[in-house]
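Reading through the structure tokens given below for one structure.
When a ligand or atom number is given, it counts from 1 through the structure's own listing order. Side chains included, hydrogens not; waters and symmetry mates left out as well; all remaining heavy atoms used. Just so it is clear, the model here is predicted, and its values are computed rather than measured.
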Amino acid sequence: MATSAKTSSIFSSVAQNQPKKLSLFHENNNTSLCYFVRKSSSKNLINLSLKKSKHLNSVVTKNALNTNTIDLSTTTKEPSVGSNGTGEKQTRPMILVSEKLGEAGLSVLREFGDVDCLYDLTPEDLCNKITQYDALIVRSGTKVNRAVFEAAKGGLKVVGRAGVGIDNVDLQAATEYGSLVVNAPTANTIAAAEHGIALLTSMARNVAQADASMKAGKWGRSKYVGVSLVGKTLAIMGFGKVGSEVARRAKGLGMHVIAHDPYAPADRARAVGVELVSFDQAISTADFVSLHMPLTPATKKVFNDTTFSKMKKGVRLVNVARGGVIDEDALIRALDTGIVAQAALDVFSEEPPSKDSKLVQHQNVTVTPHLGASTKEAQEGVAIEIAEAVTGALKGELSATAVNAPMVPAEVLSELAPYIQLAEKLGRLAVQLVAGGSGIQTIKVSYRSARGPDDLDTRLLRAMITKGIIEPISDMHINLVNADFTAKQKGLRITEERVSADSSHENPIHSLQIQIPNVQSKFESTISEKGDISIEGKVKDGIPHLTRVGSFAVDVSLEGNIILCRQVDQPGMIGKVGNILADNNVNVNFMSVGRTSKKHKAIMAIGVDEEPQEDALSKIGQVQAVEEFVFLKL
Ligand SMILES: NC(=O)c1ccc[n+]([C@@H]2O[C@H](COP(=O)([O-])OP(=O)(O)OC[C@H]3O[C@@H](n4cnc5c(N)ncnc54)[C@H](O)[C@@H]3O)[C@@H](O)[C@H]2O)c1
Ligand SMILES: O=C(O)[C@H](O)COP(=O)(O)O
């Protein structure tokens with residue numbers, strides 16, 4: 001029976017401790033920024049690392065070598081299976097690999113966790129077993145549908161797709177259950193492109209048919225006269241990684257290459273010497289059409305009776321993308337009428353296709369069983385790429401190949417780290433102040449910053465505010481994957497505004513304000529003139545501070561817990577409240593007083609390490625000049 005991993009998932013505990021020291025060190029080709037947390041006894045480590053893969057080899061394309069992963073992890077120490085080398089016991093994550101994966105990738109996984117390779121699971125088996133695992137690694141043959149996520153009950157932290165296409169993973173369900181989906185998008189590009197070229201050339205020269213005929217004892221020289229490629233027009237549909245590599249190779253064969261891709265930058269196409277054209281122009285002028293787009297709702301059956309009828313009679317079609325982009329019945333009709341002279345297919349709408357599939361059996365069709373990524377080199381590369389992405393994600397890293405979560409560059413992350421803590425803590429405080437009313441519907445977040453919108457990526461901060469707001473009032477675990485989704489589900493509207501500040505451009509954020517309109521507050525003084533609960537914070541020397549409560553300026557570091565207390569401004573108040581706390585053995589770590597005007601109303605913000613007992617709190621309430629107070633947990 002598996003022991004579940006205690007390595008926290010994506011940034012789950014980042015905000016729980018304050019950083020003390022920032023150090024930069026180099027270790028085995030890794031450059032890491034490490035924040036050591038203030039309380040050494042907690043032994044938690046928040047790791048912000050910028051890693052260069054030491055496993056990826058030359059098979060992997062340039063993109064992959066430049067992959068930066070962002071480590072935002074805390075490792076919880078628990079008695080159990082393994083050891084982390086410091087004598088502390090740790091649990092090891094459980095990883096299920098459901099399709100064949102290269103050995104090099106398996107070694108990376110085994111160094112990190114306990115790995116089960118179970119290649120013949122039925123969908124039911126998968127649902128039954130998935131509860132035991134923290135991560136699942138699949139290729140295109142495993143359907144990771146909603147049932148799998150439901151069965152996992154939120155315990156499946158990561159799904160790794162060892163390849164590019166994620167059409168076999170239900171991304172919506174993954175997001176709802178907070179599972180990060182990562183893929184290995186670069187390591188099989190060349191293999192797929194080479195297979196596309198192999199199909200193109202062998203189709204044009206009837207290689208497969210001639211081979212089968214000879215093996216059947218025939219010598220059919222006149223039957224297998226082919227067509228030449230040189231000078232012919234090839235339309236690449238989807239000018240992404242594979243499409244552009246096919247284009248390069250086809251140009252080397254002397255073909256005239258055009259491409260259709262609504263999202264591809266024209267300069268990338270120009271660099272390869274390819275003209276980007278409209279869909280209709282591409283399919284109506286091409287002698288050969290090669291498909292390289294993903295399967296999405298927009299591309300499903302995009303090659304159908306209508307589009308085939310627009311093609312040049314005698315066109316030849318290659319598909320190493322996804323079977324589902326073609327209406328296969330329409331293709332059979334187009335082959336039968338001669339609109340499509342030949343097709344070479346590596347992928348099918350249903351895999352494997354039925355044994356009596358008319359398409360597979362068609363004399364003008366060449367088929368391979370989804371072999372595009374199947375070279376030794378690509379499989380080693382993919383296995384390493386996905387193993388690193390999955391282990392990174394299990395450590396809490398924000399993966400550069402995340403499919404259902406924003407990718408935040410390492411440099412942005414390291415800069416925002418203290419603000420991430422500030423965001424969660426302000427969210428936590430704000431929600432605890434709500435006493436009732438019509439429920440929280442809107443959270444207004446204002447970032448005062450000297451930076452322009454393009455210079456300030458606030459997605460992480462928004463997610464952390466959402467986490468701070470939702471976690472104290474639900475049993476949900478919020479992470480970067482599910483923050484926006486969960487907020488929406490709960491009917492929470494989070495609006496963001498940037499207010500330009502004069503402060504230094506160096507600091508990403510001067511101050512962060514959270515407002516909750518249309519609610520009552522447990523501490524009336526947090527209500528601003530506009531009638532909203534309003535609190536504001538800043539980062540000072542790397543530490544988050546609460547700096548404004550309603551219209552009162554305060555300054556208390558956001559550590560431990562906080563008591564907010566409004567009183568008539570008069571001498572001796574600090575001593576009276578301080579003594580009550582001292583009698584209760586509660587350590588005050590920070591205190592600040594803000595007032596509207598002398599001898600009028602003042603607010604004491606007191607940071608306390610421990611939670612005071614009920615009777616200590618009620619004694620504070622009994623102090624004569626105290627008008628209201630609230631205890632808030634951070
Ligand atoms: N047969 C195999 O074994 C094999 C191997 C690798 C990749 N693939 C498949 O090949 C396809 C391409 O992979 P990739 O790595 O190049 O992906 P990619 O994301 O780099 O490229 C896909 C391109 O398609 C474009 N696109 C999206 N919608 C489009 C549309 N409606 N019309 C035209 N273009 C559109 C995108 O803008 C992108 O440039 C994917 O479907 C992938 O799953 C198959
Ligand atoms: O999308 C992909 O990466 C390819 O289709 C490869 O799929 P495979 O991993 O099942 O070979």
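- Listed by number with element, the atoms of ligand 2 under 4.0 angstrom from any heavy atom of A162 are 9 (O).
- Scanning the protein heavy atoms around atom 28 (N) of ligand 1, the nearest turns out to be Y263 CE1, 3.5 Å.
- Below 3.5 Å of separation, one finds an N or O of D346 facing an N or O of ligand 1.
- In terms of N/O distances under 3.5 Å, ligand 1 is approached by V242.
- Atom-to-atom distance recorded for D329:CG and D305:CG is 9.0 Å, nearest 0.5 angstrom.
- Proximity to G163 (heavy-atom distance under 4.0 Å) selects the following atoms of ligand 2: 3 (O).
- Inclusion of Q379 in the set of residues having an N or O under 3.5 Å from an N or O of ligand 2 is not warranted.
- Between the Q361 side chain and the K355 main chain, a donor and an acceptor come within less than 3.5 Å of each other.
- Counting only N and O atoms by type, the side chains of Q342 and N206 include a donor and acceptor under 3.5 Å apart.
- Here the protein heavy atom with the shortest distance to atom 5 (O) of ligand 2 is H370 NE2, 2.6 Å.
- In terms of protein heavy atoms, atom 41 (O) of ligand 1 is closest to M293 O, 3.2 Å.
- At a cut-off of 3.5 Å, with distance as the only test, no side-chain donor of E245 or T189 sits close to an acceptor on the other residue.
- Defined by atom type and a distance below 3.5 Å, a donor-acceptor pair is present between the side-chain atoms of T368 and D346.
- Looking only at heavy atoms of the protein, atom 25 (C) of ligand 1 is closest to D261 OD2, 3.1 Å.
- Side-chain contact, E385 with T186: a donor N or O sits under 3.5 Å from an acceptor N or O.
- Within the 4.0 Å heavy-atom criterion, the part of F239 lying near ligand 1 is the backbone and not the side chain.
- Looking from atom 3 (O) of ligand 2 to the surrounding protein, the closest heavy atom is V164 N, 2.6 Å.
- Checked by atom type, the side-chain pair T458/E496 shows a donor-acceptor distance below 3.5 Å.
- With ligand atoms numbered from 1 in the order given, ligand 1 contributes 11 (C), 12 (C), 22 (C), 23 (C), 24 (O) to contacts under 4.0 Å with heavy atoms of H292.
- Of all the heavy atoms of H370, the ones lying under 4.0 Å from any atom of ligand 1 belong exclusively to the side chain.
- Of the polar atoms of G165, at least one N or O is found under 3.5 Å from an N or O of ligand 2, judged by distance alone.
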Evaluate the salt bridge (charged side-chain N to carboxylate O under 4.0 Å, His left out) criterion for residues E176 and K488: first the C-alpha distance (whole Å), next the side-chain angles of each, then the deciding distance (0.1 Å), finally the verdict. CA-CA 11 Å; E176 287 174 27; K488 217 169 162 191; over 6 Å; no
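- Where the criterion is an N or O separation shorter than 3.5 Å, residue side chain and backbone included, G243 fails it with respect to ligand 1.
- A donor-acceptor contact shorter than 3.5 Å links the side chain of E328 to the backbone of S349.
- Interface of G165 with ligand 1, defined as ligand atoms under 4.0 Å from a residue heavy atom, comprises 43 (O).
- For ligand 2, the polar-atom distance check against R161 finds a nitrogen or oxygen pair separated by under 3.5 Å.
- Centroid-to-centroid, the aromatic rings of F303 and F279 come within less than 6.0 Å.
- Where the criterion is an N or O separation shorter than 3.5 Å, residue side chain and backbone included, V164 fails it with respect to ligand 1.
- Residues T131 and A151 approach most closely at CG2-O, 3.1 Å, considering heavy atoms.
- Applying side-chain contact (heavy atoms from CB on, under 4.5 Å) to L136 and the options V169, V144, I95, V181 leaves one that passes, V144.
- Geometrically, ligand 1 and L371 share no nitrogen or oxygen pair separated by less than 3.5 Å.
- Ligand 1 lies within reach of P294, whose nearest heavy atom is under 4.0 Å from it.
- When hydrogens are left out, the protein atom nearest atom 9 (O) of ligand 2 is R139 NE, 2.9 Å; that is the closest non-hydrogen contact.
- Remark: the N482 side chain and the T175 side chain contain no N/O donor-acceptor pair separated by less than 3.5 Å.
- At least one N/O-N/O distance between R322 and ligand 2 falls below 3.5 Å.
- Between A373 and ligand 2, not a single N/O pair is under 3.5 Å apart.
- Checked against a 3.5 angstrom limit, the closest N/O atoms of T189 and ligand 1 fall outside it.
- Near A192, with a cut-off below 4.0 Å to any heavy atom, the atoms of ligand 1 are 5 (C), 6 (C).
- Of the N or O atoms in T299, none lie within a sub-3.5 Å distance of an N or O in ligand 1.
- T285 and T233 form no side-chain donor-acceptor contact under 3.5 Å, judged by distance and modelled atom types alone.
- Considering only non-hydrogen protein atoms, atom 10 (O) of ligand 2 sits nearest to S140 OG, 2.4 Å.
- S278 and H260 are not linked by any side-chain donor-acceptor pair at a separation below 3.5 angstrom, with hydrogens and angles left out of the test.
- Among I236, V320, V382, V302, the residue whose heavy atom sits closest to atom 44 (C) of ligand 1 is V320.
- Using a 4.0 Å cutoff on heavy atoms, G372 does not count as a contact of ligand 2.
- Within 6.0 Å of atom NZ in K129, 12 or fewer heavy atoms from other residues, nucleotides or ligands are found, so the atom counts as exposed in its surroundings.
- The nearest protein atom to atom 34 (N) of ligand 1, hydrogens excluded, is given as G238 CA, 3.4 Å; this is a heavy-atom distance.
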